[in-house]
K.L.:
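So that we are looking at the same thing, I have put the structure below in structure tokens.
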Amino acid sequence: MFYQIINVGQEAIGLVWEKTGGKLQIEAVYLPGKEKMAKRIVRDFPAINQTPRAISNGIDQLIADLYNGKKQKFNLALLNFSRVTDFSARVLKQTFKIPCGKAATYSGLAAKVGNLRAARAVGTALANNPFPIIVPCHRVVRADGSLGQFGGGTAMKKQLLEKEQVLFDAQGRVIQSLVQR
């Protein structure tokens with residue numbers, strides 16, 4: 001297992017990946033934070049190779065572009081979902097389908113994964129999303145368009161949505177016409 005620090009302007013995104021049997025798999029993506037990135041990764045993956053190694057096929061640039069709000073195609077098969085529950089995997093795969101520049105609600109995602117009353121469980125699955133940016137959990141908002149929580153903080157969530165040209169009303173809520181239900 002390897003890691004790479006992807007520099008995006010003044011910020012750093014962490015990427016944990018491995019190649020098994022010739023198949024590339026992304027294990028985790030880390031949002032910028034106050035703690036040193038390599039320290040966070042080694043804490044969570046103690047068996048990781050301690051020397052950073054760049055991932056192949058331009059995937060690092062693709063992740064940087066996604067972080068900068070650029071529309072990009074990403075192969076979902078590159079993500080290793082084996083560390084999450086089946087429910088979480090369904091939520092994350094549905095979240096992956098939210099287009100750049102749009103948002104969805106927690107309750108709308110719950111309905112799409114087959115449980116209308118599971119909005120809080122959807123929130124929990126997204127709070128534990130090992131692939132933020134790639135699986136755009138920042139595009140999921142409350143039913144009234146207010147941001148809700150985000151692993152990188154609400155300021156980062158709003159910043160990511162703004163980079164994708166999502167519009168907000170005077171109360172800081174996502175414009176309702178952009179919210180999928």
K.L.:
To the nearest 0.5 Å, how far apart are SG in Cys100 and CD in Gln165?
P.N.:
8.5 Å

K.L.:
So do Leu92 and Pro130 actually touch side chain to side chain, heavy atoms under 4.5 Å?
P.N.:
yes

K.L.:
Answer yes if Ile41 and Ile59 sit in the same cluster of Ile, Leu, Val, Met, Phe, Trp and Tyr residues linked by side chain heavy atoms under 4.5 Å apart, and no otherwise.
P.N.:
no

K.L.:
To the nearest 0.5 Å, what is the distance between CG (Leu66) and CD1 (Ile133)?
P.N.:
7.5 Å

K.L.:
Taking atom CZ of Arg43 and atom CD1 of Ile48, what is their separation to the nearest 0.5 Å?
P.N.:
12.5 Å

K.L.:
So Ile63 and Asp60, do their side chains get closer than 4.5 Å, heavy atoms only?
P.N.:
no

K.L.:
Check for a donor-acceptor pair, side chain of Thr85 on one end and backbone N or O of Ser88 on the other, with a separation under 3.5 Å.
P.N.:
yes

K.L.:
Taking it one step at a time, do Lys158 and Phe150 satisfy side chain to side chain contact (heavy atoms under 4.5 Å, CB included)?
P.N.:
CA-CA 10 Å; Lys158 187 173 185 195; Phe150 183 65; over 6 Å; no

K.L.:
Does atom CZ (Arg83) have a neighbourhood of more than 12 heavy atoms from anything else shown, all under 6.0 Å?
P.N.:
yes

K.L.:
Just wondering, do Ile13 and Pro32 contact through their side chains at under 4.5 Å, heavy atoms?
P.N.:
yes

K.L.:
May I have the step-by-step check of side chain to side chain donor-acceptor pair (under 3.5 Å) for Tyr3 and Gln50, ending in yes or no?
P.N.:
CA-CA 8 Å; Tyr3 78 94; Gln50 302 261 338; over 6 Å; no

K.L.:
What heavy-atom pair brings Ala111 and Leu116 nearest, and what distance separates the two atoms?
P.N.:
CB-CD2, 3.3 Å

K.L.:
Could you walk me through whether Ile134 and Leu62 pass the side chain to side chain contact (heavy atoms under 4.5 Å, CB included) check?
P.N.:
CA-CA 9 Å; Ile134 298 170; Leu62 185 63; over 6 Å; no

K.L.:
When you check the side-chain N and O atoms of Tyr30 and Asp44, is any donor under 3.5 Å from an acceptor?
P.N.:
yes

K.L.:
State the CD-CG distance between Glu27 and Leu15, to the nearest 0.5 angstrom.
P.N.:
10.0 Å

K.L.:
Check the hydrophobic clustering (I, L, V, M, F, W, Y; side-chain heavy atoms under 4.5 Å; chains of links allowed) and say if Met156 and Ile98 are grouped together.
P.N.:
yes

K.L.:
Spell out, yes or no, whether Leu167 and Leu160 are grouped together once hydrophobic residues are joined by side-chain heavy atoms under 4.5 Å, including indirect joins.
P.N.:
no

K.L.:
Check for me, please, whether Phe45 and Ile26 land in the same ILVMFWY cluster - side-chain distances under 4.5 Å, paths through other members count.
P.N.:
no

K.L.:
Are Met1 and Val16 packed together at the side-chain level, in the sense that at least one heavy-atom pair is separated by less than 4.5 angstrom?
P.N.:
yes

K.L.:
Please find the pair of heavy atoms, one from Asn7 and one from Ala12, that lie closest to each other, and give the distance.
P.N.:
OD1-CB, 4.0 Å

K.L.:
So, do Asn68 and Val8 sit near enough that their side-chain heavy atoms are less than 4.5 Å apart?
P.N.:
yes

K.L.:
Are any of the side-chain heavy atoms of Ile175 and Phe168 separated by less than 4.5 Å?
P.N.:
no

K.L.:
Please report the shortest heavy-atom distance between Ser56 and Leu24, naming the atom on each side.
P.N.:
OG-CD2, 4.2 Å

K.L.:
For Cys137 and Pro132, which heavy atoms make the closest approach, and how far apart are they?
P.N.:
SG-CB, 4.3 Å

K.L.:
Does CG in Asp86 sit with more than 12 non-hydrogen atoms of other residues, nucleotides or ligands closer than 6.0 Å?
P.N.:
no

K.L.:
Check whether Trp17 reaches the backbone of Arg53 with its side chain - one donor and one acceptor, N or O, closer than 3.5 Å.
P.N.:
yes

K.L.:
Quick one: do Leu147 and Arg142 satisfy side chain to side chain contact (heavy atoms under 4.5 Å, CB included)? Show the steps, please.
P.N.:
CA-CA 6 Å; Leu147 293 180; Arg142 294 180 176 152; over 6 Å; no

K.L.:
Are Val179 and Val166 connected, step by step, through hydrophobic side chains (Ile, Leu, Val, Met, Phe, Trp, Tyr) whose heavy atoms are closer than 4.5 Å?
P.N.:
yes

K.L.:
Salt bridge or not between Lys71 and Glu164? Use side-chain N to carboxylate O under 4.0 Å.
P.N.:
no

K.L.:
Main chain of Ala77, side chain of Gln25: is a donor-acceptor contact present, judged purely on distance under 3.5 Å?
P.N.:
yes

K.L.:
Whether the side chain of Asn128 engages the backbone of Thr124 through a donor-acceptor N/O pair (distance < 3.5 Å, no angle test) should be reported.
P.N.:
yes

K.L.:
Measure the CG-CG distance between Leu109 and Leu126 for me, rounded to the nearest 0.5 Å.
P.N.:
6.5 Å

K.L.:
Is the shortest heavy-atom distance from the side chain of Arg120 to the side chain of Tyr106 under 4.5 Å?
P.N.:
no

K.L.:
Search all heavy atoms of Ala64 against all heavy atoms of Ile6 and return the closest pair with its distance.
P.N.:
CB-CG2, 4.1 Å

K.L.:
Any donor and acceptor pair, going by atom type alone, linking the side chain of Asn129 with main-chain N or O of Phe131 inside 3.5 Å?
P.N.:
yes

K.L.:
CG of Leu31 to NE2 of His138: how many Å apart, nearest 0.5 Å?
P.N.:
9.5 Å

K.L.:
Inspect the surroundings of CD in Gln159 and state if more than 12 heavy atoms from other residues, nucleotides or ligands are less than 6.0 Å away.
P.N.:
yes

K.L.:
Do Asp65 and Gln61 have side-chain N/O donor and acceptor atoms under 3.5 Å apart?
P.N.:
yes

K.L.:
How far apart are the closest heavy atoms of Val174 and Ala103, and which atoms are they?
P.N.:
CG1-CB, 4.3 Å

K.L.:
Is Phe2 close to Ile55 at the side-chain level, that is, under 4.5 Å between some pair of heavy atoms?
P.N.:
no

K.L.:
Tell me, with the steps shown, if Lys163 and Lys70 meet side chain to side chain contact (heavy atoms under 4.5 Å, CB included).
P.N.:
CA-CA 8 Å; Lys163 287 178 184 180; Lys70 297 178 183 173; over 6 Å; no

K.L.:
Would you say Arg139's side chain and Lys102's backbone share a donor-acceptor pair under 3.5 angstrom?
P.N.:
no

